[in-house]
Amino acid sequence: MHDHGFLENSNGDLDKSKMQKPTEKDKDNLSDWRWKLRFAKTLRPDLSDATKAYENFLSGGGKPQSVNYPGFLVGDSAGRRVYQSIVEDVKKSAEHHLKQHQKNLIE
């Protein structure tokens with residue numbers, strides 16, 4: 001699955017007729033992001049998973065990228081925050097559905 005953004009047709013598939021050639025500004029922006037990626041790799045080796053994923057985004061041509069979700073959720077401080085947020089969301093959703101179910105049983 002790929003995020004085609006505004007290039008999707010009504011079925012969610014890539015509509016190639018909406019594609020445009022990159023402008024000079026687009027090319028400059030891509031160059032800027034490639035430099036930022038190089039700096040991030042040098043200055044923040046602790047973000048190797050993130051820079052690897054971003055490099056695939058910039059240059060991977062849609063090639064699949066493997067993600068170690070368990071490692072991210074357990075071994076990364078941002079991953080632990082994401083995990084906590086997921087747990088809280090699931091709890092709130094379960095409580096909401098339980099209340100709705102109980103309300104429907106009473107009525």
Side-chain angles (χ1 to χ4, degrees):
M1 173 178 270
H2 297 283
D3 177 9
H4 303 125
F6 58 91
L7 299 176
E8 290 183 356
N9 62 21
S10 59
N11 297 324
D13 298 318
L14 177 63
D15 181 348
K16 292 188 177 185
S17 71
K18 295 182 177 182
M19 295 177 86
Q20 301 174 14
K21 291 188 181 239
T23 65
E24 288 303 313
K25 176 98 171 120
D26 293 332
K27 293 174 186 176
D28 288 344
N29 285 338
L30 178 58
S31 179
D32 288 347
W33 284 109
R34 288 183 197 270
W35 275 107
K36 291 173 186 178
L37 175 61
R38 285 187 194 107
F39 284 122
K41 287 168 121 181
T42 302
L43 299 174
R44 295 294 306 270
D46 59 310
L47 298 177
S48 63
D49 288 343
T51 55
K52 186 169 111 179
Y54 193 68
E55 185 168 31
N56 185 64
F57 170 75
L58 287 179
S59 307
K63 181 177 66 177
Q65 173 80 27
S66 296
V67 176
N68 178 0
Y69 286 108
F72 170 67
L73 295 173
V74 174
D76 183 281
S77 61
R80 288 189 294 275
R81 285 192 303 275
V82 168
Y83 179 78
Q84 275 307 111
S85 178
I86 292 169
V87 169
E88 290 169 18
D89 289 348
V90 169
K91 283 181 184 178
K92 287 178 184 175
S93 179
E95 290 168 356
H96 171 76
H97 288 290
L98 180 61
K99 286 178 186 175
Q100 288 299 113
H101 182 70
Q102 288 173 338
K103 180 180 172 186
N104 291 338
L105 286 175
I106 294 171
E107 293 176 347

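All of these numbers come straight from a predicted model, not from anything done at the bench.
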Problem set entry | No-hydrogen, no-angle side-chain donor-acceptor test under 3.5 Å, Ser31 and Asp28 | no
Exercise. Going from CG on Leu47 to OG1 on Thr51, what distance comes out if it is rounded to the nearest 0.5 angstrom?
Worked result: 7.0 Å
Exercise. Looking at side-chain heavy atoms only, is the closest gap between Ser77 and Arg81 below 4.5 Å?
Worked result: yes
Exercise. Does Asn29 use its side chain to pair, donor to acceptor, with the backbone of Asp26 at less than 3.5 Å?
Worked result: no
Exercise. How far apart are the closest heavy atoms of Glu8 and Lys18, and which atoms are they?
Worked result: O-NZ, 2.9 Å
Exercise. Does a sphere of radius 6.0 Å around OH in Tyr54 hold more than 12 heavy atoms from other residues, nucleotides or ligands, not counting ones at 6.0 Å or beyond?
Worked result: yes
Exercise. Are any non-hydrogen side-chain atoms of Arg34 and Leu58 less than 4.5 angstrom apart?
Worked result: yes
Exercise. Given side chains that start at C-beta, do those of Tyr83 and Val87 come closer than 4.5 Å, heavy atoms only?
Worked result: yes
Exercise. Quick one: does Ser93's side chain have a donor or acceptor within less than 3.5 Å of a partner on Asp89's backbone?
Worked result: no
Under 3.5 Å donor-acceptor pairs involving side-chain atoms of residues 65-76, not counting sequence neighbours:
| residue | atom | partner | partner atom | Å |
| --- | --- | --- | --- | --- |
| Gln65 | OE1 | Asn56 | ND2 | 3.4 |
| Asn68 | OD1 | Gly71 | N | 2.8 |
| Asp76 | OD1 | Ala78 | N | 2.8 |
| Asp76 | OD1 | Gly79 | N | 3.1 |

Problem set entry | Contacts of Glu24 that satisfy salt bridge (charged side-chain N to carboxylate O under 4.0 Å, His left out) - sequence neighbours left out | Lys27
Exercise. In Å, rounded to the nearest 0.5 Å, how long is the span from NE2 of His97 to NE2 of His101?
Worked result: 12.5 Å
For this session: For Gln100, look at atom CD and say whether over 12 heavy atoms of other residues, nucleotides or ligands are found less than 6.0 Å away.
Result: yes
Problem set entry | Asp32 CG to Lys25 NZ distance, which is reported to the nearest 0.5 Å | 7.5 Å
For this session: Treat each ILVMFWY residue as a node, draw an edge where side-chain heavy atoms are under 4.5 Å apart, and state whether Leu37 and Phe39 are in one component.
Result: no
